[in-house]
2 protein chains.
Amino acid sequence: MNQKTQTRDPELTRARILDTAEALFVEQGFSAVKLSELARAAEVTKSLIHHHFGSKEQLWEAVKDRAFERYFAAQMAMLEEAGEPDAALLRRSVEAYFHFLRDNPGVVRLFAWTHLEGDSHCSELDGQLVGAGAEWVRQTQLRGLLRADINPTHVIAVFVMTCTQWFEAKGHHQHWPGMGSDEAFLEDFLKIFMEGVTPRE
Amino acid sequence: MNQKTQTRDPELTRARILDTAEALFVEQGFSAVKLSELARAAEVTKSLIHHHFGSKEQLWEAVKDRAFERYFAAQMAMLEEAGEPDAALLRRSVEAYFHFLRDNPGVVRLFAWTHLEGDSHCSELDGQLVGAGAEWVRQTQLRGLLRADINPTHVIAVFVMTCTQWFEAKGHHQHWPGMGSDEAFLEDFLKIFMEGVTPRE
DNA sequence: GCGCTAACTGGCCGGCCGGTCAATTAGCTG
DNA sequence: CAGCTAATTGACCGGCCGGCCAGTTAGCGC
């Protein structure tokens with residue numbers, strides 16, 4: 001079969017440009033990436049990038065959209081397969097989120113660049129996720145399985161932000177004296193976090 | 001007195017360039033800043049920037065150095081005026097760190113850009129701070145005033161990272177539904193954190 | 001006042017940036 | 001196979017980027 005493969009395959013070309021662009025943007029941020037460099041890395045002419053995406057800015061949007069869609073879908077899937085609301089599930093959610101970020105380091109950096117740029121485009125969708133999570137926390141609080149004197153959104157925010165920052169600034173704090181591995185840190189964080197959100201008996 | 005003021009004042013010029021550069025770098029990151037723009041904003045010729053700092057890259061280093069020095073000095077001062085090690089002091093330290101970041105938003109963004117660039121230059125000095133903080137936690141653990149089953153460095157890391165991320169990604173999560181003010185979030189975080197690091201009675 | 005140093009200026013440059021365009025060609029439709 | 005569409009190419013462009021340099025001038029020691 002297609003041994004000669006098509007000499008032309010627009011979808012594959014688009015995908016190759018997107019993939020390469022994502023890698024470069026993740027690494028260097030929007031303004032540091034040069035289209036000529038991207039073209040070389042993706043083995044494509046510069047003109048072809050413009051043909052498929054219009055401009056550097058639009059390509060950047062496309063990269064962000066795709067990445068954020070993947071992120072959103074993954075998180076939604078996690079939320080939906082959540083079972084009975086109790087403290088143990090909260091722990092598993094934190095672990096799942098932490099491991100998702102560990103396995104998708106590109107997403108973390110992409111979000112970091114996006115935040116610094118002040119792009120609030122993805123906040124709305126993300127707000128849905130947080131809203132759902134917070135509602136879940138509220139239900140669990142009502143059942144007396146989590147401390148009720150804390151804003152549910154803040155519960156979500158605390159663990160999301162800690163996980164995010166852990167991977168976002170990893171290059172920075174991995175050199176701090178006494179800092180442990182991913183798993184060691186997660187375990188210690190969970191000790192503090194779970195103890196902190198569990199009701200006094 | 002100097003009503004005519006000097007028509008030349010190298011130190012003031014340097015300072016004006018540094019200040020303006022810091023503002024621009026904080027806002028846009030290194031590669032998005034154009035020297036022509038900086039020159040206009042600082043009311044200085046482009047050549048003068050080169051005269052005083054050599055190159056854009058060296059200017060960036062100078063800006064980072066100065067900002068980090070300020071940060072380091074402020075943190076050291078905080079550490080030194082710390083008194084008797086107990087849980088209440090840990091709480092006050094978190095509050096102090098949180099408020100320092102709130103009052104120095106530029107530093108947060110500068111560090112964020114720096115982390116993304118992979119610059120580990122400031123990690124060493126920062127390591128000292130964390131090391132000192134961790135040692136303080138360890139002492140307090142030994143006295144039975146903090147849970148002893150957690151890596152002291154991780155205790156520091158958890159609160160530093162949460163505070164950092166709160167301000168770093170503020171533009172992002174401030175639109176999340178149910179998210180409270182700076183103070184409300186800090187209070188809830190402290191509820192979780194302090195409860196989590198206090199020993200079981 | 002004289003002369004030296006360094007702060008400061010304006011003009012300029014090579015290079016490359018993002019982007020355009022006319023021409024070519026692969027692949028599908030009928 | 002003809003004819004059309006769109007993927008793809010390479011040559012090219014205007015603009016501006018960071019950086020340089022020759023020249024001017026303020027300030028300071030003598």
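For clarity, every value in this text was computed on a predicted model and none was experimentally measured. Residue numbers start from 1 in every chain, and the chains themselves are labelled A, B, ... in the order their sequence lines are given, proteins ahead of strands. All heavy atoms count here, side chains included; hydrogens, waters and symmetry mates do not.
- Protein atom CZ of A/Arg8 is 5 Å distant from nucleotide atom C1' of C/dT25, rounded to whole Å.
- Regarding B/Lys34, its NZ atom lies at a distance of 9 Å from the P atom of D/dC16, rounded to whole Å.
- Taking the six-membered ring for Trp and thresholds of 30 and 60 degrees, B/Phe98 and B/Phe167 have ring planes inclined between 30 and 60 degrees apart.
- Annotation: of the two residues near DNA chain D, B/Ser36 and B/Gly54, the 5′-most nearest-nucleotide partner is B/Ser36.
- Within the structure, a side-chain polar atom (N or O) of A/Thr7 is placed less than 4.0 Å from OP1 or OP2 of C/dG27.
- Within the structure, every side-chain polar atom (N or O) of A/Ser47 is placed at least 4.0 Å from both OP1 and OP2 of C/dC21.
- Note on A/Ser55: every side-chain N or O is 4.0 Å or more away from OP1 and OP2 of C/dG18.
- Rounding to whole angstrom units, CZ of residue B/Arg14 and C1' of C/dA6 are separated by 13 Å.
- Salt-bridge check for A/Arg91 with A/Glu95: passed, with a basic side-chain N closer than 4.0 Å to an acidic carboxylate O.
- Taking atom NZ of A/Lys56 as the reference point, atom P of C/dG18 lies 5 Å away to the nearest angstrom.
- Of the charged side-chain nitrogens involved, none lies within less than 4.0 Å of a carboxylate oxygen, so that A/Glu37 and A/Arg40 do not count as a salt-bridged pair.
- OP1 or OP2 of C/dC8 has not a single side-chain nitrogen or oxygen of B/His51 nearer than 4.0 Å.
- Summarising the geometry, the separation between NE2 on B/His52 and C1' on D/dG19 is reported as 16 Å, rounded to the nearest angstrom.
- Contact check on B/Arg92 versus B/Asp86 returns no salt bridge, with no Lys/Arg side-chain nitrogen under 4.0 Å from an Asp/Glu carboxylate oxygen.
- For the pair B/Lys46 and B/Thr13, both in contact range of DNA chain C, the more 5′-proximal nearest nucleotide belongs to B/Thr13.
- In this entry the distance linking CD1 of A/Ile49 with P of C/dC17 reads 12 Å, nearest Å.
- Using cut-offs of 30° and 60° for the angle between ring planes, the A/His154 and B/Trp166 rings count as perpendicular.
- Rounded to a whole Å, the CG atom of A/Leu48 is 14 Å from the C1' atom of C/dT24.
- Here C/dC16 presents its P atom at 10 Å from CZ of A/Arg40, a figure rounded to the nearest Å.
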